[in-house]
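Here is the structure we will look at, set down as C-alpha cells.
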Amino acid sequence: MAETYSADELEAAKGEAQTLTARILELRDAYYERDASLASDEKYDATMHRLEELERLFPELQSQDSPTQTVGGRVQSLFDPVEHAERMLSLDNVFSLEQFTEWATKVERDSGRSVDYLCELKIDGLAINLRYENGVLTTAATRGDGVVGEDVTENIRFVKSIPTKLAGTGHPPLVEVRGEVFIPVEAFRELNAEQTAAGDRIFANPRNAASGSLRQKAEGKSADKLAQMHRRLAKLEMLVHGIGAWANPPVKSQSETYALLAEWGLPTSPYFKVVESKQEAAEFIEYYGEHRGSVSHEIDGIVIKVDELELHDELGATNRAPRWAIAYKYPPEQVNTKLLDIVVSVGRTGRATPFAVMEPVRVAGSVVRQATLHNQDVVKAKGVLIGDTVVLRKAGDVIPEVLGPVIELRDGTEREFVMPTNCPECGTELRPMKEGDIDLRCPNARSCPAQVRGRVEHVGSRGALDIEVLGEVTAAALTQPVVPEIPPLVTEAGLFELTVEDLFPIRVVVRDNETGEVKLTDAAGDGSSLEASVPKEVTPFQRLRKKTDPAFDPEATEFAGDETRVPSSNATNLIANLEKAKTSPLWRILVSLSIRHVGPVAARAVANYFGSLDAIRAASRDELAAVDGVGGIIADALIDWFAVDWHQEIIDRWAAAGVQFATPGHPGPGAAAGADGPLVGVTVVATGSLEGFTREGALEAIIAAGGKAASSVSKKTDFVAAGPGAGSKLGKAEELGIRILDADQFRTLLAEGPSAFAE
DNA sequence: CACCCTCGAGTTCA
DNA sequence: CTCGAGGGTG
C-alpha cells in the first residue's frame, strides 16, 4: 500500500484545497448572504466532497475554519455580533521544514537584512480578541470570520487569568489584545469525568471543550446548571500573543510587546523563544515536535513570527494572513472521519463486540478503517451515531480509538446503533453470561462459526501451540464448508485428524478488504467475480503443476488444459506443523483448549503441578485451588470445562490422533519441586527486542533460570530487560527506579543471578 | 479492600 | 501495545 506521500503531493493537495475552500466560501456567501445561487447543488456538493476527501488523505490540511468543519454560512450564533476594531487575520500554514525554510528565505529576501524570529507554541484552542478601553476590559469576542465575532464578554469574566483591569498606568485609550483560550490537558480530563458523571456528553478534544464551555448561555439555567457552567469556565485559561488596533505602540519588537503585555498583568506563554536564524527556528520546531506531551496544553504546531515590528509593516499582509508570520503544523494525532457503520463481531469466547467501520483515514502514520467500541455501553458513552463525523486518534500511537462525534456536523440522517439481540454469525440469542454483566455473549459455543473459527485460530496462536500456517485465514478456511461434499472441521476436535487430501479442495481464501469479512471461494468456480471485487488471494492449499509431473493423483484433481493442481507447501506445511504440535508441552495444550481464565500463566502453574491432563481432570476443586496462582474461579472453570461432552470429544479425538496430554517423567500431582536456578524469587520483565532472544525465548529463559517472567512492570518487578523498541514499560521502570538491563546484562543475569547486579 | 496481575480482545506494522 | 474486566493475593 502506498500510504506515504511526498512533499510535492502534499503541496499540490494544499494548493487544490485552498482553491476549493475559496470556491466553497464564495458559493456559500452568495447563497446565504445574497440569496443568489452561483452553482447547482450538485456542483456545490461535489466541491465539498472533494475537499473532504483531500482532508482525509492529508490530515495536515484540516483546520477548524475549513468549510468542512462549519455549517451553513456564518457560524450560527446565539451571541451578539461584535465588530473587531482591527481585522483578526489567520495564519498561513506550512507542513514541513522544507516549506518553512522556503517561507523564511522569502521573508529574509524581502526584508533585505537578517531577521530575528520569535517562536512560540501554537495552542489548540479558541482565538479571542480582548478589547481594553483605558485599561478596562470592555468586550471579549471570538474570531468569527475575522471581521465580526461573537460577544462572549460575560463568560470570559470567569476565566481567572484574564484581568478585567490592566495593571500599571499609561494604557492607550483603545487596545485589542489577541490570544487563545484553551483548557489544559489535565483540566480537560477532569471536565470529561464530570460530564460523564452528570450524564452529559463528553468533549472530543480540548479545543471543543474550550469552545463549548465559552459558548454556554446563562439564560434559563437552573442554579445547579449555572454553577456547573461557572465551574467549567473556571477551568479555562488564556495566553495572549499579540496586539491589534494600537496606532503607535511604544515597543519595537514582538518580544517587547510580550514583555509589555506581561507588565499589564496579561498572561503570556512561558514557552516562547527569540532566535537569530531560520535554522534555530527549525530546531525549535523539531524540539517541540518530540516534546509535545511535556506541555500542559495541547499544541498543534509552532508559530514563527518576525520579531521586529517595523518589518511587519514592510512585509504587510495578504487579505487573509500576515506575511510576517507562519504556522508550522505538526501532523495531527487526531483526525475526523465518517463513521459508516457499527458492526458486531463475535470472538472465540462468544463475546459480541461492536466496532466502528470508518471511511479510511490516515492518522499518526497509517491508514485506519476500524476501531473497537468495546461494548454497547461504550457506544452510548461516546455518544456516536452511525453516519456521524467522528474524532479518531491512535491511543499510545498504536491502537485506533474513536473519541466521539462532531455534533455540529450532524445533518439529521444519523441513526443510533442498536445492539443486535442475536449473534450475527449463527443467529442464537445473545445474553450476558451472568447477572449484571455488560458483555453479551453468544451461548452457542459448540457450533457458532465465529467461535469455532476463533478457537481453531487460537490453537495455532503463539501463546498456545504456535502452529505456523494456522492463522486467521486458515482457521476460517478449515471451519467453513467450501465444497459441499467436504464438511468443514465443525469444531477443533478434528484438527489433528486432517490430511493433505482434506485440505486439497479448499482452493482459495479471500479476504474482503472493505468489510474485513473472510470469504471462501472455489477458484474453479467463478474466478472472474473474485478479481472484480479486488479480493486478496491468501493461503491457497494448492498450486498448478504440469500434467507430466508425477506428483499428483489424477483421481483427486481437476484438469485445466495440460496443467493440474497439486497441494501447495501451505498444505503440506500445515500438516507437518500439526504433527509437530502434538508433542507440545502440556501447558501449551491446556492453553489451546480455550478454557476460561486459563492462559499461559495459569496453564503453566496447573501443568507443572499435575503433570497430566488426567490428573487435572481427577483433581477436586480444592486440590486445583491449592495450586499457586489458581483460585476458586479458575478451579471451577476447569471442572466446568471437563463436564461438557463435546469438550471430552476434543480430548478423545486429539489423543487418538497422537496428541500428548502428559509431561513425560512427571512424578504426578504434588507441589512441583521448588524451581531451581539463579533467578529463584526474582521477577523479570522483558520488553523490546533483545538481541539474541525472541520474545518467547526471553520468557522461557527467565522461567528456565527459575525466575518469574511478568508481563507488566510493577513495584514487585526486580529487573527490566529492555532492548530497542521498548515502549511504555521502560518509562514505567524508570519511574519506579527499577534496574534496567540490556541484552548482554540480561544474559549475565540469567547465568549468575541478581547478585551480579547487587547495589 | 486495595493493589497488582492476568486474561481477552482489537489493531496495525514489518 | 493498550484497554477494561475481573481474578488473586497480602
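Lettering follows sequence order; numbering is per chain, from 1.
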Discussion item. Expressed as a whole number of angstroms, how long is the span from Phe355(A):CZ to dG4(C):P?
Written reply: 20 Å
Item to complete: Just call it for His597(A): base, sugar-phosphate, or nothing, with non-hydrogen atoms closer than 4.0 Å on any strand.
Response: sugar-phosphate
Discussion item. Between P on dG8(C) and CG on Leu638(A), what's the gap in Å once rounded to a whole number?
Written reply: 11 Å
Practice prompt. Could you check which of dA5(C), dG8(B), dC7(B) has an atom nearest any side-chain atom of Thr349(A)?
Written response: dG8(B)
Practice prompt. Whole angstrom is fine here: how far is it from CE in Met358(A) over to C1' in dT11(B)?
Written response: 11 Å
Worksheet item: Between Thr353(A) and dG10(B), does any side-chain N or O lie under 4.0 Å from OP1 or OP2?
Response: yes
Practice prompt. May I ask you to evaluate whether Arg596(A) reaches the phosphate of dC7(B), defined as a side-chain N or O under 4.0 Å from OP1 or OP2?
Written response: no
Response to the item:
Taken to the nearest whole Å, CG/Leu590(A) to P/dT6(B) is 17 Å
Worksheet item: Taking atom P of dG7(C) as reference, at what distance in whole Å does atom CZ of Arg621(A) sit?
Response: 12 Å
Discussion item. Rounding to an integer number of Å, can you tell me how far Leu373(A) CG sits from dA5(C) P?
Written reply: 14 Å
Worksheet item: Can you check whether Arg348(A) has a side-chain N or O nearer than 4.0 Å to OP1 or OP2 of dG8(B)?
Response: yes
Discussion item. Give me the atom names and distance for the closest heavy-atom approach of Arg455(A) to Ala445(A).
Written reply: NH1-O, 2.8 Å
Worksheet item: What pair of heavy atoms forms the shortest contact from Met358(A) to Val368(A), and how long is it?
Response: CE-CG1, 4.3 Å
Discussion item. On the nucleotide dG10(B), are OP1 or OP2 found under 4.0 Å from the side-chain N or O atoms that Ser345(A) carries?
Written reply: yes
Discussion item. Could you check whether any side-chain heavy atom of Phe496(A) comes within less than 4.5 Å of a side-chain heavy atom of Ile650(A), counting everything from C-beta outward?
Written reply: no
Item to complete: Specify the separation, in whole Å, of atom CZ of Arg462(A) and atom P of dG10(B).
Response: 17 Å
Fill in: Check against side chain to side chain donor-acceptor pair (under 3.5 Å), Thr349(A) and Arg596(A)
CA-CA 8 Å; Thr349(A) 63; Arg596(A) 281 275 267 166; 5.7 Å; no
Worksheet item: For residues Arg617(A) and Gln648(A), is any side-chain donor paired with an opposing acceptor at under 3.5 Å?
Response: yes
Item to complete: Send over the distance from Arg369(A) CZ to dG10(B) C1', rounded to a whole Å.
Response: 15 Å
